[in-house]
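Report on the following structure.
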Amino acid sequence: MTLLKVPDMHCGKCVERISKALQGEGLDFTVTLEEHSVEIRGDQAAVEKAIAAMDDCGFSVEPI
């Protein structure tokens with residue numbers, strides 16, 4: 001499990017966009033708006049796919 005900080009995530013629409021992008025990559029994840037975070041369950045390749053998918057949607061990502 002890897003926890004990623006997504007400081008640009010501010011609303012439900014952001015959660016929806018991130019979730020859709022990560023689902024499209026077939027990833028196992030949990031998005032938490034209150035903590036501005038995304039938990040990725042998987043190996044390093046899954047984490048890299050998640051970061052790339054969120055970046056493509058315009059969200060900056062920081063490992064915690």
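On a predicted model such as this, the values are computed, not experimentally measured, just so you know. The residues of the chain are indexed from 1 along the displayed sequence.
- The 12-atom threshold is exceeded at CD of E25, counting heavy atoms of other residues, nucleotides or ligands nearer than 6.0 Å.
- Shortest non-hydrogen contact noted between L4 and M54 is CD1-CE, 3.7 Å.
- Side chains of I40 and I51 form no contact here, defined as non-hydrogen atoms less than 4.5 Å apart.
- What you find for P7 and E62 is that their closest heavy atoms are CG-OE2, 3.6 Å.
- Of the candidates V47, T32, V38, I64, L3 forms a side-chain contact (heavy atoms from CB on, under 4.5 Å) with just one, namely I64.
- Atom CD of residue E48 and atom CG of residue D43 lie 8.5 Å apart, to the nearest 0.5 angstrom.
- Here the CZ atom belonging to R41 is positioned 3.5 Å from the OG1 atom belonging to T30, to the nearest 0.5 angstrom.
- Taking each heavy atom of F29 and S19 in turn, the nearest pair found is CZ-O, 3.6 Å.
- Residues H10 and H36 have side chains in contact (heavy-atom distance under 4.5 Å, counting atoms from C-beta outward).
- The backbone N or O of S60 sits nowhere less than 3.5 Å from a side-chain atom of K5 that would complete a donor-acceptor pair.
- Across all non-hydrogen atoms, the minimal contact from A53 to L22 is CB-CD2, 4.2 Å.
- Rounding to the nearest 0.5 angstrom, the gap separating the SG atom in C57 from the CG atom in D8 is 11.5 Å.
- One finds the CE atom of M9 at 6.0 Å from the OG atom of S37 (value rounded to the nearest 0.5 Å).
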